[in-house]
There are 2 protein chains.
Amino acid sequence: MSKRRISIQDIARRAGVSHSTVSRALRDNSVISPKVREEIKQLAREMNYVPNAIAQSLLSSRTNTIGVVVTSIADPFFAEVVEGIEQVARSAGLSVVLSASHRDVEEEIAAINNFNRRRVDGILVADSRTGKQHMKQLAQIAMPTVLINSQSKEQSQMFHSVEIDDRLGGKLAVEHLVSLGHKRIGYLGVGDHSKSNQQRLEGYRMALSEANLSPMSVVVAISDEDNIRASDVATGQQMLPKLVTAGVTGIFCYNDMVAVGALLACQELGISVPQDLSLVGFDGIALSGYVTPPLTTICQPMLEIGCSAMQMLLDLLQEKTVENRVLSPFLVQRGSSAALLPKVPKQYLI
Amino acid sequence: MSKRRISIQDIARRAGVSHSTVSRALRDNSVISPKVREEIKQLAREMNYVPNAIAQSLLSSRTNTIGVVVTSIADPFFAEVVEGIEQVARSAGLSVVLSASHRDVEEEIAAINNFNRRRVDGILVADSRTGKQHMKQLAQIAMPTVLINSQSKEQSQMFHSVEIDDRLGGKLAVEHLVSLGHKRIGYLGVGDHSKSNQQRLEGYRMALSEANLSPMSVVVAISDEDNIRASDVATGQQMLPKLVTAGVTGIFCYNDMVAVGALLACQELGISVPQDLSLVGFDGIALSGYVTPPLTTICQPMLEIGCSAMQMLLDLLQEKTVENRVLSPFLVQRGSSAALLPKVPKQYLI
DNA sequence: CTGAAAGCGCTAACAC
DNA sequence: GTGTTAGCGCTTTCAG
């Protein structure tokens, strides 16, 4: 393992020319005669020369690198988003530095500061939790930044962003249940103060009032800390009974994992889905199609969210003007929701 | 957006000292008087100075960056592995550059070459498909490299690696089915020539012969190309009927996604799992616990694989001697496998 | 204790 | 066409 890598100088010495000639030859500068150009390239190949991107970056002040912060890499939702990001980044010749924040504001900021030190060309932050106090700090970094599904209201105005229309999603979910004849519809949410949770809840309320239905019991899991959220599956599992006791026939769940938890609870309690209870999830992660029954859910175009955010960043890097995007989720109807059966009094049942 | 960032020079000018004094002060060099040290640090803070990691890297020839190649970021297995990698990398002060190869050797090599140009301190490659021809090319890069679940036999000797014992896994799966009384056991594999597929198959054969059972029809899904593998779920779905026709009562599936496909096929065909047929998966991804019935599966310690590989790379960077690791998978018994019921002739059934 | 100077590997004016 | 030189931002001898 030779520590000292071979440089443009080494090639120059061997070729009996100056290092700048080598540089020019390697970059196909037309001012060098085609003949020596080829010779030098050949020599470089023989010597296993690999250009030093660090040195190039120092000079050009472009690292061809972007930083990405997500809450968790193992989360299927963000994994898919990052997949999209990486695809368009790579096809544009950019590499992706990935960091996980685990929903912790401090970690999120640390990651961004790290990106700043590394002089990445741009930053993508998913599910940002950063509040007002740190916003200015970030804003003054003045590095092209695109937020994905930002979780704090003020940010969307200060930064570029691509977001999903959570309110529309909530509305679609509930409208679907209403169209199936459900009248007693609950919401099973999570306990943090994230914007997405609040807006999905708002959509729920809107759809109900438009259907002239009064909101049923809204159950929101309460976690100890604002930032520390218990496993979504556990939340769904624990909270389902409350809604059932309240007599709902349909439930809109904050996301697919919560819905899966609810589904598990139903299996345990002998409640059959969708006969006794209709369930609607959110996100459209792969898992949602594989549980029994497969989940009716509000899909986010996860790959598109990633691609779109990365494309926006690319435009920003080329000094183009960009407009924030709000993508629309859509309903995918599967087995976990069904028409409300007319209540048959028990004595008529076998 | 000021293009020119503030540098150590700018601080020096304002402080009326030389840039080297500033550098020393910032790095807590004891040779600088504590007083001016503080003053300079304060000034740096006021001026929003952020050290340029690129310049530092050029000098130190360390980038504090490692490169990671996986087949797909969205694959739940690798997502979990990367989560582990990122955790220990970050706690060691290293950043992670992530690249997806999509099981394509060319892309894998391109990613590694890119890492080489960027002068990352080390490389982690998961599920490597690189064959002999390119191995030397990679070997001469002479960059600390750790392979994770390498898919080509020769590699394990030339490079450092952490791997799962696939043969043991296959053996455990089949032994489990045997212990439940199954005698007609099939294998549902995938069509590529990956080492993992072959070794799980080997484990299957070993367990059968140790139990004095003759290998039942071994069905391996065939995909068009060696490298292009159809969706694992689809493979499971399509191949299941073949095994059923062959009269098996238990099936060991290449991985959990294949098993899910098999499960879906069973639901369609009215075969109940585990009453009519026992299913065992491999990997232990989250999904496996949420389908109905939850999958009995051979778990890989995914997080540990990632952490372990990264730790090995860390050791390599400190010139420690390291030993390759082979981790053991373990059985997690859930609802998809059950004791073989004694065959009751049809005429006695209601 | 502090400054001047060299150099990490590369690109791009500017000379010849 | 090709070489010389400066400089990207930083760390680190080496003098003083």
Side-chain angles (χ1 to χ4, degrees), chain A residues 2-41 43-44 47-65 114-121 143, chain B residues 2-41 43-44 47-65 114-121 143:
Chain A
S2 52
K3 204 70 231 163
R4 172 85 42 279
R5 305 284 266 279
I6 91 114
S7 79
I8 218 172
Q9 280 280 17
D10 302 321
I11 302 178
R13 260 189 295 276
R14 286 248 271 164
V17 295
S18 80
H19 68 278
S20 35
T21 302
V22 175
S23 172
R24 282 189 272 252
L26 258 25
R27 330 195 82 238
D28 279 323
N29 189 323
S30 56
V31 89
I32 303 282
S33 75
K35 184 166 148 283
V36 294
R37 215 191 298 175
E38 244 342 291
E39 284 173 5
I40 290 179
K41 281 188 173 182
L43 189 53
M47 298 175 74
N48 286 314
Y49 169 71
V50 178
N52 185 330
I54 297 296
Q56 294 174 321
S57 290
L58 185 57
L59 202 53
S60 65
S61 58
R62 292 193 99 257
T63 52
N64 298 314
T65 295
N114 178 32
F115 292 156
N116 196 13
R117 289 195 318 99
R118 299 191 109 91
R119 302 291 194 266
V120 299
D121 296 335
M143 203 175 274
Chain B
S2 52
K3 204 69 232 160
R4 172 86 39 283
R5 305 283 266 277
I6 92 115
S7 80
I8 217 173
Q9 280 280 16
D10 302 322
I11 302 179
R13 260 191 292 277
R14 286 247 273 161
V17 294
S18 78
H19 70 275
S20 34
T21 302
V22 175
S23 173
R24 281 189 271 252
L26 258 24
R27 331 197 81 238
D28 278 323
N29 190 321
S30 57
V31 89
I32 303 282
S33 75
K35 185 168 148 282
V36 293
R37 213 192 299 174
E38 243 344 290
E39 284 172 5
I40 290 179
K41 281 189 173 180
L43 189 53
M47 298 175 73
N48 286 314
Y49 170 70
V50 178
N52 185 330
I54 297 297
Q56 293 174 322
S57 291
L58 184 57
L59 203 53
S60 65
S61 58
R62 290 193 101 255
T63 52
N64 298 313
T65 295
N114 178 32
F115 291 155
N116 196 12
R117 291 194 318 98
R118 300 191 108 91
R119 300 294 194 264
V120 298
D121 296 334
M143 204 175 272

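So you know, we letter chains A, B, ... as the sequences are listed, proteins then strands, and number each from 1. Keep in mind it's a predicted model, so treat the numbers as computed, not measured.
Distance CG (L58(A)) to P (dC10(D)): 9 Å, rounded to an integer number of Å. R119(A) has its CZ atom 9 Å from the P atom of dG9(D), to the nearest Å. dT11(D) atom C1' lies 5 Å from atom CG of L59(B), rounded to whole Å. Nucleotide dC10(C) holds its P atom 9 Å from the CG atom of L26(A), rounded to whole Å. Between R62(A) atom CZ and dA12(C) atom P the separation is 14 Å, expressed in whole Å. Across the protein-nucleic acid pair, R118(A) atom CZ and dG9(D) atom P stand 18 Å apart, rounded to whole Å. What separates CD1 of I6(A) from C1' of dC8(C) is a distance of 15 Å, to the nearest Å. I54(A) has its CD1 atom 15 Å from the P atom of dG9(D), to the nearest Å.
Under a 3.5 Å cut-off, the side chain of R14(A) and the backbone N or O of A44(A) do not form any donor-acceptor pair. Checked by atom type and distance alone, the side chain of R24(A) never pairs as donor or acceptor with a backbone atom of N29(A) at under 3.5 Å.
Judged by distance alone with a 3.5 Å cut-off, no donor-acceptor contact links the side chain of H19(B) to the base of dT2(C).
I32(A) comes within 4.0 angstrom of the backbone, heavy atoms only, and of no base. S20(A) comes within 4.0 angstrom of a base, heavy atoms only. Across all strands shown, S23(B) has heavy atoms under 4.0 Å from base atoms, whether or not it also approaches the sugar-phosphate. At a threshold of 4.0 angstrom between heavy atoms, the contacts of R24(A) include nucleobase atoms, whether or not backbone atoms are also involved.
The phosphate of dG3(D) has OP1 or OP2 within less than 4.0 Å of a side-chain N or O from T21(A). Checking the phosphate oxygens (OP1, OP2) of dG3(D), a side-chain nitrogen or oxygen of S18(A) falls inside 4.0 Å. For dC1(C), the OP1/OP2 oxygens have no side-chain nitrogen or oxygen of R37(B) closer than 4.0 Å. One finds a side-chain N or O of Q56(A) lying less than 4.0 angstrom from the OP1 or OP2 phosphate oxygen of dT11(C).
In this structure, the nucleotide among dT2(C), dC10(C), dC10(D) sitting nearest to the side chain of N52(B) is dC10(D). The S33(B) side chain lies nearest to dT2(C) when the options are dT2(C), dC10(C), dT4(D). Distance from the side chain of V31(B) is smallest to dC1(C) among dC1(C), dG3(C), dC10(C).
A donor-acceptor pair shorter than 3.5 Å can be found between the side chains of R118(B) and T65(A).
Proximity of Q56(A) to P51(A): side-chain heavy atoms (C-beta onward) are separated by under 4.5 Å at one or more points.
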For side chain to side chain contact (heavy atoms under 4.5 Å, CB included), just list the numbers for N48(A) and I6(A), CA-CA rounded to whole Å, side-chain angles, deciding distance to a tenth of an Å, and then say yes or no.
CA-CA 8 Å; N48(A) 286 314; I6(A) 91 114; 5.9 Å; no

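Here the straight-line distance linking atom OG of S18(A) with atom CD of Q9(A) works out to 8.5 Å at 0.5 Å rounding.
If you find the closest nucleotide of DNA chain D to V36(A) and to A55(A), the one lying nearer the 5' end belongs to V36(A).
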